[in-house]
Amino acid sequence: MNILNHTGTSHRIFRLLGIPGLEDQHMWNSIPFIISYLIAVLGNSLFIFIILTRHSLHEPMYLFLCMLAGADIVLSTCTVPQALAIFWFHAGEISLDRCITHLFFIYSTFISESGILLTMAFDRYIAICYPLRYTTILTHALVGKIGSSIFLRSYGTISPMTYLLKRLTFCQNNIIPHTFCEHIGLTKYACNDIRVNIWYGFSVLMLTVVLDVVLICVSYMLILRAFFHMPSQNAHHKALNTRGSHVFVIILLYGPRIFTTLTQRFGCHIPPHTHILLANVCILVPPMLNPIIYGIKTKQIQDQMVHVLFTRQK
């Protein structure tokens, strides 16, 4: 359908502006985007290759890391190429169907990552509090079921959101001041009653991400309780090292997202480009840093990386 700028016309084509207010600096802005994307894709691909090809790493913790790496690749690929197309070629035009598909994969992947982090917290709880029963509780069959449940939950909760968006008539505007499609950013241009969209989006947030954060906090409170009851300093150090990298990744994923949500709701005086930059930080930074953090903090993966990258070259 052609775009006609009058009330009652439903726009089928939208235009992503990139980072509003910084259009003259888009070429410079593209540098951190391309660097973070290359590190995320190459680092996480190496992670997946090492974990899948090394039988010694076929333990639940590493399999969950493999799932997280796969989700990181999808999240980066859903967002960064589109942003680079805007920065380099001013190619911000996007159809409604593509925008909704774009939005579906971004949100479902983020919820998947949240679920994987919750599962990893559960894994650390079992490993520290019930070490002798770890292998009998977290079997490969259970890991497979947990992984399937995580992705079914994410796709199942976001799929109705796409239907709710498709039923709307977008007659107010077709210019989106962002590098990727967002739920609220798109629904605010609708001429229909969007209360169902808002409440469904809020419900999904509460029943997935917020619930995951609460359960992660509970699991780490239990871990801390067990931590202080450990008899030896060596056990203390091992437990702290085991959960330290995971805690940092959790802060990295949820911290910027919570801050972005708060600034969008209450920070009306904050410039628009700050909102967009913060939203991109949530997308760019965790996939880039996850393989670096776990590569440094996990000795088994570190040893295998050294073997893959250097031993074969001799």
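Position 1 is the first residue of the sequence; numbering continues from there. Note that the coordinates shown come from a computational prediction; the quantities given were computed from them, not determined experimentally. The analysis underlying the following values was restricted to heavy atoms, covering all of them including side chains, and did not include hydrogens, waters or symmetry mates.
No side-chain heavy atom of F180 sits under 4.5 Å from any side-chain heavy atom of L16. Within the 4.5 Å cutoff, the side chain of L63 has heavy atoms near those of the H140 side chain. No side-chain heavy atom of C181 sits under 4.5 Å from any side-chain heavy atom of L186. Side-chain contact check for L75 versus E113: some heavy-atom pair is nearer than 4.5 Å. No side-chain heavy atom of M288 sits under 4.5 Å from any side-chain heavy atom of Y37. Between Y200 and P160, the closest side-chain pair of non-hydrogen atoms falls below 4.5 Å. Between I73 and I48 there is a side-chain heavy-atom pair separated by less than 4.5 Å. The shortest side-chain heavy-atom distance between F122 and L138 falls under the 4.5 Å cut-off.
With hydrogens and angles disregarded, a donor-acceptor distance shorter than 3.5 Å links the side chain of S30 to the backbone of M27. Under the 3.5 Å distance criterion, the side-chain polar atoms of N174 are left unmatched by any main-chain donor or acceptor of H11.
In summary, the side chains of S112 and S154 do present a donor paired with an acceptor at a separation below 3.5 Å, with no hydrogens or angles considered. If you check the side chains of E59 and Y134, you find no donor sitting under 3.5 Å from an acceptor.
Below 30°, between 30° and 60°, or above 60°: for H26 and F87 the angle between ring planes is between 30° and 60°, a tilted geometry. Between Y155 and F104, the ring planes are parallel. Angles under 30° get that label, and only those over 60° would be called perpendicular.
The side chain to side chain donor-acceptor pair (under 3.5 Å) test with S114 is passed by exactly one of T208, T109, T119, D212: D212.
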